[in-house]
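Because the structure is predicted, anything quoted here is derived from the model rather than measured.
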Amino acid sequence: MCCPEKGVRVILRIAAILALALFVLRPCVWAQTAPQPINLSSTVGGGFNPTMTLEAKGGIDVAWIGGGVFFARSVDGGATFATTTVLPLSLPPNRVQMGVDTLGNIALLWPNPPDDTHLGGSAFFSRSTNGGATFSAATEFTPASGLTSSSIQLVVEPGGAMDIVWLDLPRTNLWAERSTDGGATFSVPVKVWSTLVDMANLLVKPGGDGQVYVFWTQISSATQCDVLFSRTVDAAATFSPVSNVSNSATSCSANPRASIDATGGINLAWLVDNASVWFSRSSNMGAAFTAPVEVSGGVGFFNVSDQQVSADGHGEVNVAWTGSLSENTVLLAHSNDGGANFSSPKIVSLPPQANNPVLTGAGNAAIGEDSCGDLLVAWSDDSRGASSGAFDVFLNRSSDDAITFSNPLDLSNTPADAEVVSQIAVDPQGNANVLWTSLTFPQNVFYSKVTAAAVPSGDFQMVAFPSELTAPQGATERLVVAGLSLGAASESVALSCFDLPLGATCTFNPASLMTQFLFAPSQLTLTVPAGLSTGTYVFGVNGTSTTTSSTQTIALRVTPPGGTPNVRPRARRAAVRQSSGLASTVEHSSTSALRSGSAFAEGSELVCRSGDQNLCDALGGGQLHPSFPRIRRCRESTSQVVRKLP
């Protein structure tokens, strides 16, 4: 019986899938309809740049800007929201920041652009002690040293103290102040850093026990930037000496993004030369960081941006980002060992439409993980839009360490309009709270809650072997592609490639296939241009039916001509003879499919040349032995009634 509450959803790894079928337990039949989103800002004339916090007691808090500063709160699990106008303004501020302590007290801070009386800009804050029903009068933050409004950050500690970190107007010092009385008074400013060079990307994160972690980019020149770090562990009385986390000589490391996991670990991702994504972790409150690791796998992106990092207390780290390939693409890499090693990048976003290949693509990924270890990814994608840039908001889920993903769920479903994802927050029950902004005038802020059971599984899973391939320039390579049923009736799936390296081509024989429980393959022929630069590439192999689609990511390493070919000798193993049983049936079915089809006249040697030794061995008379992903840690009931908050 399918049971998400108990949570043992067994999915075979892809290598075993080709021989034995994808599942041992039939997957649950998930709901296929996205919930109706809530327009939070329609009653106040619209809004944009929202931020969201999930309270410890279950409240959902959202703040945004528009014709002022606005706040909305839900006490019934996102079913309804009450909206409060914090401060009406003739012009919108730059943005709004929010922090909530364990008692539910809410603090907002918003920087304004420079004006006649504030040449360096200004910043105001306000606070609510009654769940957002009312807020205090806006108070200007006026440190004696001055401030630059574009570089100011608010942190609310669990115990209620407010920390504000900012860059002073002459752009020479980074300062911090702390208030323990709701902003009525602040401590004497403490200098975090002094510099004669420029800085950017100020980011401040709270620790679980009152620590404050500060990250920023030091810009020494156009070609030399570094990600720097400092911390306080003594209630902002002192800050540690500044450390260089990126240590990237002769390159520009910038734009740090951080996540604090349940064990207090600091998980940090940043960009190098806007072309690759890197990661480091501290397990001792920032006293030391691990050596940087490249997350993006050496892939030659034209540009990378929007990286996001999510980590739990079990060593799992996920990093998502936007990478420019033939179009903008959302990718994700997964680590099971605290970021020491990452998987090859996996394409998460959708392929372009066959009838409209000139699209912007995807971006603005937001990721989160629930207490059961399920990964949720939201992003903006125009692949189903009426035109380029008509982004919809999509959500999908992985329950097996990002090996496979569900069928993408279209949350906004407005093909003629555009929406941009702002944030995702996952609660302990596995519900994904997703926030986005519409781009059509007047802009509005939308919220959607998606339960753990509402992200649909697909009807089938695309698989391709090998999924990692080495080929010389000018080579022609062949891969094996199959669509494996997830329990649905067999259906026809059209095959395509997308995000191929410049000049590369791929063809399928046959061009479509029927999904089956066992192996029913197509042959993919990949041509590598002779002039393609050596290096690492990724592209997608997609299957699309009338109801769903699935993508397998292929990592391609291109070498100079005359290098070691990607050919492995046919395995010479004695057949494992079994009079009955699934293993014998599967071996016979998969071998026969390869040897009898017109696309596979060369028999099992084709698979051996494709580079997958495991599959080659099986077709040579051996067996494939299934291996299992980690057991999901839990699944709390998603059917429980949401308790009303006082």
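Here the CD-CG distance, from Q218 to L228, works out to 5.0 Å after rounding to the nearest 0.5 Å. In this structure, M285 CE and T232 OG1 are separated by 11.0 Å, a value rounded to the nearest 0.5 Å. The distance from atom CG of L154 to atom CG of L108, rounded to the nearest 0.5 Å, is 8.5 Å. To the nearest 0.5 Å, atoms CG (N364) and OG (S349) are separated by 11.5 Å. How far OG1 of T102 is from NZ of K57: 8.5 Å, rounded to the nearest 0.5 Å. In this structure, the separation between CE on M162 and CZ on R127 is 7.5 Å, given to the nearest 0.5 Å.
D226 and Q224 form a side-chain donor-acceptor contact under 3.5 Å, judged by distance and modelled atom types alone. Side-chain atoms of S326 and D499 form a donor-acceptor pair, as typed in the model, at a separation below 3.5 Å. In summary, the side chains of T217 and N201 do present a donor paired with an acceptor at a separation below 3.5 Å, with no hydrogens or angles considered. A donor and an acceptor atom, one from each side chain of W278 and S276, are located under 3.5 Å apart. Side-chain contact check for N444 and S41: at least one donor-acceptor pair (N or O, by modelled atom type) lies under 3.5 Å. Side chain to side chain, N173 and S194 meet the donor-acceptor criterion of an N or O pair below 3.5 Å.
For the residue pair L89 and V69, the shortest heavy atom distance occurs at CD1-CG2, 4.5 Å. Nearest heavy-atom pair across G323 and V304 is CA-CG1, 4.3 Å. Scanning both residues, P111 and P93, for their nearest heavy atoms gives O-CB, 3.3 Å. The two atoms that bring Q153 and L202 nearest to each other are CD-O, 3.6 Å, heavy atoms only. The heavy-atom pair separating A258 from L203 by the smallest distance is N-CD2, 3.7 Å. Of all heavy-atom pairs spanning V317 and V309, the tightest one is CG1-CG2, 4.0 Å.
Remark: the backbone N or O of R281 is paired with a side-chain donor or acceptor of T290 at under 3.5 angstrom. In this structure a side-chain-to-backbone donor-acceptor pair under 3.5 Å is missing from D392 to D381. Judged by distance alone, with hydrogens and angles left aside, the side-chain atoms of Q443 form no donor-acceptor pair with the main-chain N or O of F48 at under 3.5 Å. Formation of a donor-acceptor pair under 3.5 Å by the S380 side chain with backbone atoms of V421 is found in this model. Checking side-chain atoms of S259 against main-chain N and O of N267 turns up no donor-acceptor pair under 3.5 Å. The main-chain N or O of S122 is never found under 3.5 Å from a side-chain atom of N112 such that the two would form a donor-acceptor pair. Remark: the backbone N or O of A72 is not paired with any side-chain donor or acceptor of T83 at under 3.5 angstrom. S187 places a side-chain N or O within 3.5 Å of a backbone atom of R178 that can act as its donor or acceptor partner. A side-chain donor-acceptor contact under 3.5 Å links N284 to the backbone of A287. With hydrogens and angles ignored, the 3.5 Å screen pairs no side-chain donor or acceptor of D273 with any backbone N or O of A275.
Proximity of V277 to L271: side-chain heavy atoms (C-beta onward) are separated by under 4.5 Å at one or more points. Counting only heavy atoms from C-beta outward, the side chains of D261 and D312 never approach each other to under 4.5 Å. Between S230 and W193 the shortest side-chain heavy-atom distance does not fall below 4.5 Å. Taking the side chain as every heavy atom from C-beta outward, T85 and V44 approach each other to under 4.5 Å. Considering only heavy atoms from C-beta on, W166 comes within 4.5 Å of F141 through its side chain. Contact of the F215 side chain with the I266 side chain is registered, since non-hydrogen atoms from C-beta on lie closer than 4.5 Å. Counting heavy atoms from C-beta outward, L375 and L332 have side chains that approach closer than 4.5 Å. Side-chain contact between I367 and E369: absent, with no pair of heavy atoms (C-beta onward) separated by less than 4.5 Å.
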Inset, instruction - List the steps, then state whether side-chain contact (heavy atoms from CB on, under 4.5 Å) holds for D101 with E157. - result: CA-CA 6 Å; D101 64 26; E157 299 175 19; over 6 Å; no
Legend entry - Worked check of ring-ring contact (aromatic ring centres under 6.0 Å, His included) between F186 and F125: CA-CA 13 Å; F186 282 88; F125 64 89; 5.8 Å; yes
Inset, instruction - Output, in order, the C-alpha distance, side-chain angles, deciding distance and verdict of side-chain contact (heavy atoms from CB on, under 4.5 Å) for V86 and W110. - result: CA-CA 11 Å; V86 180; W110 58 94; 4.2 Å; yes
Legend entry - Evaluation steps, side-chain contact (heavy atoms from CB on, under 4.5 Å), between V204 and V212: CA-CA 7 Å; V204 184; V212 177; 3.5 Å; yes
Inset, instruction - Please step through side-chain contact (heavy atoms from CB on, under 4.5 Å) for the pair V393 and F446, ending with a clear verdict. - result: CA-CA 11 Å; V393 175; F446 287 87; over 6 Å; no
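Note on R397 versus D370: salt bridge recorded, some NZ/NE/NH1/NH2 to OD/OE distance being below 4.0 Å.
The six-membered or imidazole ring of F289 lies away from that of Y213, with a centre-to-centre distance of 6.0 Å or more.
Within a 6.0 Å sphere centred on CG of D234, heavy atoms belonging to other residues, nucleotides or ligands number more than 12.
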